[in-house]
Each structure stands twice: as C-alpha cells, then as structure tokens.
Participant: 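Got a structure for you, questions after.
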Number of protein chains: 2
Amino acid sequence: MSNPAEKPGIPAVLPQASPLPAAQPTIERLSRYRRALKVALRDGATQIFSHQLAKLTGATAAQVRRDLMVVRVAGSPRYGYDIAALTEAITAYLLGGREGRRAVLVGLGRLGRAMLSYFVSRRPGLSIVAAFDTDPSKVGRVVEGCRCFPLEELAMRMAGLGTAVAIIAVPAKAAQSVADLLVCAGVTGIANFAPVSLDVPPDVFVENVDLTMSLEKVAYYAHRPAKAAGG
Amino acid sequence: MSNPAEKPGIPAVLPQASPLPAAQPTIERLSRYRRALKVALRDGATQIFSHQLAKLTGATAAQVRRDLMVVRVAGSPRYGYDIAALTEAITAYLLGGREGRRAVLVGLGRLGRAMLSYFVSRRPGLSIVAAFDTDPSKVGRVVEGCRCFPLEELAMRMAGLGTAVAIIAVPAKAAQSVADLLVCAGVTGIANFAPVSLDVPPDVFVENVDLTMSLEKVAYYAHRPAKAAGG
DNA sequence: TTGTGTGAAACCGTTCACAGCG
DNA sequence: CGCTGTGAACGGTTTCACACAA
C-alpha cells in the first residue's frame, strides 16, 4: 500500500500505485466507457478523443476527462487517448486486472437463467463460476456451462472458490436468508434482483437492481415533461 | 392545467391539483415506498411512521418525509401516515391512478421472457400488453399470457394501444432501430436493457438498465472499502 | 414527548473555464 | 489551434435542526 520511495511518516503527494477512490456515478460511467472502447477497438480505431467517447456513452467531454483522472491514463492533445491502454487501465481499476472477477449466482429461475446466458454470451470481465438453488430439479444440472449446486452447499463450496461477488435472483421471501448465507461465506458485493432491501453489514456493498422501480420510473417520466437521462 | 379559482394571469401560490415535480432519486424511492407499504398493509398494519418506512426501504426518516412532500399526504405525529391513503397517493403520482399504465415489450429472448414472467406474476401497477419480435418462431405465440406480434406490425398495433411505455430487450445491434420505431409510434418512455446508449429526442425518457454495469460496480465495491448503498 | 413538515445548511457531483502542451 | 487536465464555480440532493401539532 505504501510507496517504497516514500519517506517514513510523510504521505506520498501523488500515490501512483494505489488506485484513486471514485464516486459511484464515476464507476458506472467507467464501465460504460470500457464497453464503448471495446467496440471502438473492434471497429479498428486505436485512439479516441474525450468528446468521441462522450458521444458514444451519452456523457459530456468534460465528464469523460474528469472520470478518466482516476485511472491515471494520460491523453495527448493531438491524438486523444490510446484505446488499448485506456481499456486495460479501466479494466484493472474496476475488475482488478485482465483476468477479471468471479461471481456466484443464487437462484436459477427465469431471471437467474437469463443472467447466466447474458454473461456467458459476452465476456464482460466477470464470469459466473457456480450457481445455487434449492429446487431439486435444478440441482445437478449444468445450465449455460455453469453447474448448479444445492443451496446447503453454498458455504462449503464458496470456501474453495474465493469469490467476493454474488448475484441474488431468488424470490423476495428468500432473499434475506440467502444474503445472510453469502455474507457468512465472505461475499462483500451483492447484486440483488429480489425486490426487497437487504440488511447487511456496512462493509458489504449491495446494488439493488429493481426492475419494478426502473419500469415505474419510466412510466412516470413517459407522462411528464422531462429531460432524457441514462441510468 | 390551470386552477379554475385562479385569477387570470396570476399563478396559483399552491397548485394543489397538479402534481409537484420531483427529482429522479425521489421518484425511485417513492416506488420503493409503494412496494414496502403494500407489504406492510398485507401484514396487517394500517399506519406507519417515517422511520419505519425508512428502515424498510433503506432510507432515512428525514429523507422519507422530504420525499412524501411531493405526494401531498399529511401524516399525524401521533399515528404516522395512513398506509392505504399513502399507497394510493403514490400510485396516483407515479402511475396516474389505480388502473396503472400499459407497456409493450420488444424482444422475446431470455431476458424479455424473464421480464414478462416477472411482471405477470406480481401486479406492480404496470402491465405488459403486447410483445414484438422478428423471430418467426416467436411470432404468434402467447408467452405468459401475452401475445407476440411481428416487429413490422409495431407501428400499426401501437396506434390502437395508446401506450407510452416500452421495454427494449433486443440485442445491442438492433436496439437503436427499435428505439426509432418506438419513438415514431409515440412512445415517450423506454426501459432499455440493451447495452448501448440510445439516441432519442429530448422529450423521450430512457432508463438504461445495464446489467453488465451493475455487476461491474458490485465487483468494484466488493474489493474496496465502501459504504453499503442501494440503487 | 414524540413525530411531522420544512427552511436552511452542508455536501457532493457536474459543469465551466482556462492554463498548458503537442 | 484543439484537446487535455484540473481548480473553481455552480446546481441539486441530502441532512440538519427546529417550530408546530397531536
């Protein structure tokens, strides 16, 4: 964590090695930048300007430049940013390196299976390595290349997996108990698709992906004058 | 839009009839309050305090009270808010009345079907009344009680439906052209599940539900010290 | 006395504007 | 000359704090 060249007791002025913290909206946009950069790279581009990346992701040029400060990649006024370098830097920043992160999925209902196929088809730097369910008809099956285990084995299996990320796609009633299990198993980040707010320790991050809420928001703004926005 | 008792040219000081505008975060929380209130009502409660509603939804009491200002429902210091009245007021505010809003779904892949079953099983005040797809094997089928029509018929069918809300669940490549079709058909609110940012007129609201982004955010915070948060 | 309703303050993210550089 | 990097200003949301009501 500490710079070797750093004098003892005197904090480094520019901590180059340790990643800079960033606000949640910035993290979200970095993820979009990453995807847009991959597309641009596939299309044959090698450099990109902030205003181009902005247009691709629905942001502003100033916003892009501000966001990119945290990943510590310099752009040139002449050629813009190097797409490959920037992609790698963002990947390292968000996912801790090229190999990405591993996640587990709890709940193999329709939504869970949709998530599986979604993340198997594209390789977003994040892979689902195991699934869990209580339904005996699902346990043992291999869905989208991912084996389903009984929920009781969660703690045991997670110990060897070393994954900190989990997806909850179970009915609302079961979500809290699943969250408790996951937290016990060492999970520190949860994507929660169940329509309940989970009670977890403060060091565990929960992202509530609330489909009902998203649709109701759209319904609200569909019937009011409002600026277009992205979430 | 104008109050009948209002003097001509003089704006009403307190426009009671027309709904107050609210910020996006407030809209999102109102949706969560609505769901929590329904659960509380089903559990037999009839009144609720702001701090209780806050605990149920992961907000703070002050936040709840501030949010509820826009729906113009008064609570009593002794008994709190009337759950039934509050639910009705929020429903009216978000969805324009008890009957709710109608939406159409474009794209009957795994994600689209998951959305269908999700919104058929619970009745969130929002119903999906038609689906569209280009795949001939899907067209004509009735999935989860919802008929699938060919995409070419979208404009024609939407004319009679009078729906302003649409869900895009098609591959990224097709999303923009589908959005164009929907906008032409009069849609003013879109929930976009495709991982691209859509280009739409400024009066059309787009909510990007970006599953990759959500998971990457979780992955990021799973490996950093951060406060738990809900989105 | 506890909780509501709400002005006012604090906070945080976005936008502006410009120096610096290729 | 146009773009990057960034301090500073701005605007909006959250939080505070307190008058008021039951």
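Sequence lines set the chain letters: A, B, ... in the order given, protein chains first and strands last, and positions in each chain run from 1. This structure is a prediction, so every number in the text was calculated from the model and none was measured.
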Participant: Rounded off to whole Å, could you give me the CD-to-C1' distance for the Gln52(A) and dT4(D) pair?
Facilitator: 14 Å

Participant: Starting at CD of Gln24(A) and ending at C1' of dC11(C), how long is that distance when rounded to a whole Å?
Facilitator: 16 Å

Participant: To the nearest Å, give me how far apart CG (Asp82(A)) and P (dC3(D)) are.
Facilitator: 18 Å

Participant: Identify every side-chain donor-acceptor pair in residues 164-185 of chain B under 3.5 Å, counting partners at least two apart or on other chains, and give the distances.
Facilitator:
unit_1	atom_1	unit_2	atom_2	d
Gln176(B)	OE1	Asp199(B)	N	2.8
Gln176(B)	NE2	Asp180(B)	OD1	2.9
Gln176(B)	NE2	Asp199(B)	O	3.0
Ser177(B)	OG	Ala174(B)	O	3.0

Participant: Take the protein atom CZ of Phe49(A) and the nucleotide atom C1' of dG22(C), then report the distance between them rounded to whole Å.
Facilitator: 11 Å

Participant: Contact between Asp82(B) and Gln47(B) at the side-chain level, heavy atoms closer than 4.5 Å - yes or no?
Facilitator: yes

Participant: What is the separation between atom OH on Tyr79(B) and atom C1' on dA22(D), rounded to the nearest whole Å?
Facilitator: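 It works out to 8 Å between those atoms.
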
Participant: Whole Å only: how far is the CE atom of Met69(B) from the P atom of dT4(C)?
Facilitator: 14 Å

Participant: Check the distance between dT15(D)'s P and His51(B)'s NE2 and give it to me in whole angstrom.
Facilitator: 17 Å

Participant: Using side chain to side chain contact (heavy atoms under 4.5 Å, CB included), reason through Thr57(A) and Arg29(A) one step at a time and then give a plain yes or no.
Facilitator: CA-CA 8 Å; Thr57(A) 56; Arg29(A) 284 188 300 265; over 6 Å; no

Participant: How close or far is atom C1' of dT2(C) from atom CD of Gln47(B), stated in whole angstroms?
Facilitator: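 So the two atoms are 16 Å apart, to the nearest Å.
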
Participant: Distance from Ile27(A) atom CD1 to Gln24(A) atom CD, nearest 0.5 Å?
Facilitator: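 If I round to the nearest 0.5 Å, the distance is 8.5 Å.
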
Participant: Report yes or no: is the cationic atom of Arg224(A) (NZ for Lys, CZ for Arg) closer than 6.0 Å to the six-membered ring centre of Tyr93(B), at no more than 45° off its axis?
Facilitator: yes

Participant: Would you mind telling me which residue lines up with the more 5' stretch of DNA chain C, Ser76(A) or Ala74(B), judged by nearest nucleotide?
Facilitator: Ala74(B)

Participant: Measure all distances between protein nitrogen or oxygen atoms and nitrogen or oxygen atoms of nucleotides 14-17 of chain C, and list the pairs falling under 3.5 Å.
Facilitator:
unit_1	atom_1	unit_2	atom_2	d
dT14(C)	OP1	Arg29(A)	NH1	2.7
dT14(C)	OP2	Arg29(A)	NH2	2.9
dT15(C)	OP2	Gln63(A)	OE1	3.2
dT15(C)	O4	Arg66(A)	NE	3.4
dT15(C)	O4	Arg66(A)	NH2	3.3

Participant: Indicate whether OP1 or OP2 belonging to dG3(C) is found under 4.0 Å from a side-chain N or O atom of Ser50(B).
Facilitator: no

Participant: With side chain to side chain contact (heavy atoms under 4.5 Å, CB included) as the criterion, how do Val218(A) and Ile190(B) come out once you've worked through the C-alpha distance, each side chain's angles and the decisive distance to 0.1 Å?
Facilitator: CA-CA 6 Å; Val218(A) 171; Ile190(B) 297 175; 5.5 Å; no

